[in-house]
Amino acid sequence: MGKHEVGTPKYIANKIKAKGLQKLRWYCQMCQKQCRDENGFKCHMMSESHQRQLLLFADNASKYIDSFSREFEEGYLELLSRQFGTKRVHANRVYQDYISERHHLHMNATQWETLTEFVKWLGREGKCVVDETEKGWFVQYIDRNPETIALQEAKAKKEKMEKDDEERRMEFFEKQVEMGKKNAKDETPVFTELVKDGDEKIVVNLNLNSIKKEVKPESSGINALKKKLKEEKEKNANGEERKKKDKGEKRKASALDDIIKEEEFKKEKVNRKDYWLVEGIVVKVMAKSLGDKYYKKKGVVKEVPSKYVAMVTMLDTGHKLKLDQAHLETVIPAVGRQVMVVNGAYRGSVAVLKSLDEDKFCVSIEISSGPLKGRVVDNVQYEDISKLHIFDV
């Protein structure tokens, strides 16, 4: 049998069928069958298989509607998050991309009759930011992934630290300017007018004898000045010798500091890794997907089967969980308690927490074991240390 001629009803019907997308009113969601025309849909409605599906639907209609609604919502949000991310986009554009798939779930099988109702429901549930304009409804996906939230929190923390540093610098500059203004205020002499009372005469005394007599003490004053100059020279010489000694000591100290800094830099470069899990430390579970029973609860790392995975025993319930490093967080103990350095130059060292700087999100520790015992390390980040669990003997 040859092909049908172009333009004939059969040719057009075959083209529509090949395209895959047809009229929504001739689609049966329960049977997942698309009919080509009204007559075909009517025949399907009279079929035995469709009648059986209707009996199943009649037994528990709400169950099927909830299931279809959940599937439609998940598909719509999955497409929105994958294709557009957190950008603001027209709701109908996302819907058109969603229905372009041949086997998509149709909206007439859900609890929402129109796309507008569905968009409003997303806004009420807090799953999207929705707003209505002259062009229609727009949606913006809200990403609640724990990893994304952690990245946003870290970014906000970094911005806050930079802002705090700038504010402190500006306050210091303002104080310096105020002090400079105070010191710059010199006491200027006040000149007044010469006021003469009535016919009072102005007398000028030009007694040269008094000037000659005053010359003698000047010579003695010159001698005194010479003595003072000599004393000052001697003091300056002694002061220069002391300064040279101090400079020599400072140079020795600075050279030692440079050597220590170079060693720490080399250790930092070697020991800084993208994994930090160690046996015996206390960690906090940050995975919301595990529920309130484990979220933000503390546990002890009992075993590290791989670099990024740990077996954690919960402190309150004793349950054992296998968790990824991304779902865990270090725990900062009270001052004076033992910690384990899990990353950085002193990785693997046991130390004691000396002080805590909440503004800069860092701590000071004192190494308590090994050849570096007694060394105090400042500006250690929260992520590089964790509380050391003391096991009962």
Side-chain angles (χ1 to χ4, degrees), residues 147 150-151 153-155 157-158 160-162 164-165 168 250-286 296 298-313 315 323-393:
E147 294 180 0
L151 288 173
E153 289 177 353
K155 187 177 178 181
K157 188 193 297 183
K158 187 178 179 183
K160 184 182 178 183
M161 289 178 62
E162 292 176 354
D164 291 343
D165 292 339
R168 288 194 206 97
K250 286 180 180 177
R251 283 174 186 170
K252 290 178 183 178
S254 62
L256 185 61
D257 292 339
D258 291 340
I259 293 170
I260 293 172
K261 285 181 181 178
E262 286 179 5
E263 289 180 358
E264 288 183 352
F265 179 76
K266 289 178 182 177
K267 288 181 181 178
E268 177 74 19
K269 194 173 181 181
V270 173
N271 294 331
R272 176 65 62 180
K273 308 291 184 182
D274 60 344
Y275 54 89
W276 52 268
L277 293 172
V278 184
E279 292 182 9
I281 61 172
V282 181
V283 293
K284 186 184 289 185
V285 179
M286 301 303 293
K296 287 192 175 180
K298 296 177 183 177
V300 182
V301 178
K302 293 291 187 180
E303 186 183 350
V304 183
S306 65
K307 293 179 180 179
Y308 305 97
V309 179
M311 296 296 296
V312 180
T313 302
L315 292 175
L323 298 171
D324 190 84
Q325 176 182 281
H327 298 147
L328 297 173
E329 189 180 82
T330 58
V331 175
I332 307 300
V335 175
R337 301 295 294 274
Q338 283 191 331
V339 296
M340 171 72 77
V341 183
V342 297
N343 212 344
Y346 300 93
R347 184 187 183 106
S349 301
V350 178
V352 177
L353 184 64
K354 302 296 288 183
S355 63
L356 189 71
D357 191 345
E358 295 181 357
D359 295 331
K360 294 183 179 180
F361 304 99
C362 61
V363 297
S364 295
I365 59 173
E366 182 180 349
I367 307 298
S368 60
S369 64
L372 299 175
K373 183 178 180 180
R375 177 175 290 184
V376 177
V377 186
D378 298 323
N379 298 325
V380 181
Q381 298 297 317
Y382 286 172
E383 296 82 7
D384 293 346
I385 65 166
S386 189
K387 181 179 178 180
L388 189 63
H389 183 68
I390 301 173
F391 295 93
D392 297 330
V393 179

- Task: For Lys307, enumerate each residue passing the salt bridge (Lys or Arg N to Asp or Glu O under 4.0 Å) test, keeping only those at least two apart in sequence or located in another chain.
- Result: none
- Message: For Ile281 versus Val278, what's the shortest heavy-atom pair and its separation?
- Response: CG1-O, 3.2 Å
- Message: Within the structure provided, determine whether Asp324 and Tyr308 are in side-chain contact (heavy-atom separation under 4.5 Å).
- Response: yes
- Message: To the closest 0.5 Å, what do you measure between CE (Met311) and NZ (Lys302)?
- Response: 11.5 Å
- Item | Tyr275: partners by side chain to side chain donor-acceptor pair (under 3.5 Å), with sequence neighbours left out | none
- Message: I'd like to know whether Val300 forms a side-chain contact (heavy atoms from CB on, under 4.5 Å) with Leu315, so could you lay out the CA-CA distance, the side-chain angles of the two residues, the decisive distance to 0.1 Å, and finally the verdict.
- Response: CA-CA 7 Å; Val300 182; Leu315 292 175; 3.3 Å; yes
- Message: For Ser386 versus Val342, what's the shortest heavy-atom pair and its separation?
- Response: CB-CG1, 4.5 Å
- Task: Mind listing the closest non-hydrogen atom pair of Gly280 and Leu388 along with its distance?
- Result: O-CD1, 3.6 Å
- Measuring from Leu353:CG to Gln338:CD, what's the distance to the nearest 0.5 Å? 11.5 Å
- All heavy atoms of Val352 vs all of Ser368, minimum pair found to be CG2-CB, 4.0 Å
- Message: Once side chain to side chain donor-acceptor pair (under 3.5 Å) is applied, do any residues pair with Asp378, and if so which ones, sequence neighbours excluded?
- Response: Ser364
- Query: Got a second to check how far Ser369's OG is from Met340's CE, nearest 0.5 Å?
  - Reply: 8.0 Å
- Item | Step-by-step side-chain contact (heavy atoms from CB on, under 4.5 Å) determination, Leu328 to Trp276 | CA-CA 10 Å; Leu328 297 173; Trp276 52 268; 4.2 Å; yes
- State which residues pass salt bridge (Lys or Arg N to Asp or Glu O under 4.0 Å) with Arg272; sequence neighbours excluded, sorted by chain then number. Glu268, Asp384
- Pairs where residues 342-354 contributes a residue and the test side chain to side chain donor-acceptor pair (under 3.5 Å) is met, not counting sequence neighbours: Glu264-Tyr346, Asn343-Arg347, Tyr346-Arg375, Lys354-Glu366
- Item | Partner residues of Glu383 under the salt bridge (Lys or Arg N to Asp or Glu O under 4.0 Å) criterion, sequence neighbours left out | Lys157
- Supply the atom-to-atom distance His389 NE2 to Lys298 NZ, rounded to the nearest 0.5 angstrom. 12.5 Å
- Could you state the interatomic distance from CD1 (Ile385) to CD1 (Ile332), rounded to the nearest 0.5 Å? 4.0 Å
- Scanning both residues in full, the closest heavy-atom pair of Pro305 with Glu303 reads CD-O, 3.5 Å
- Note on the structure: Rounding to 0.5 Å, atoms OH (Tyr382) and CD (Glu358) come to a distance of 5.5 Å
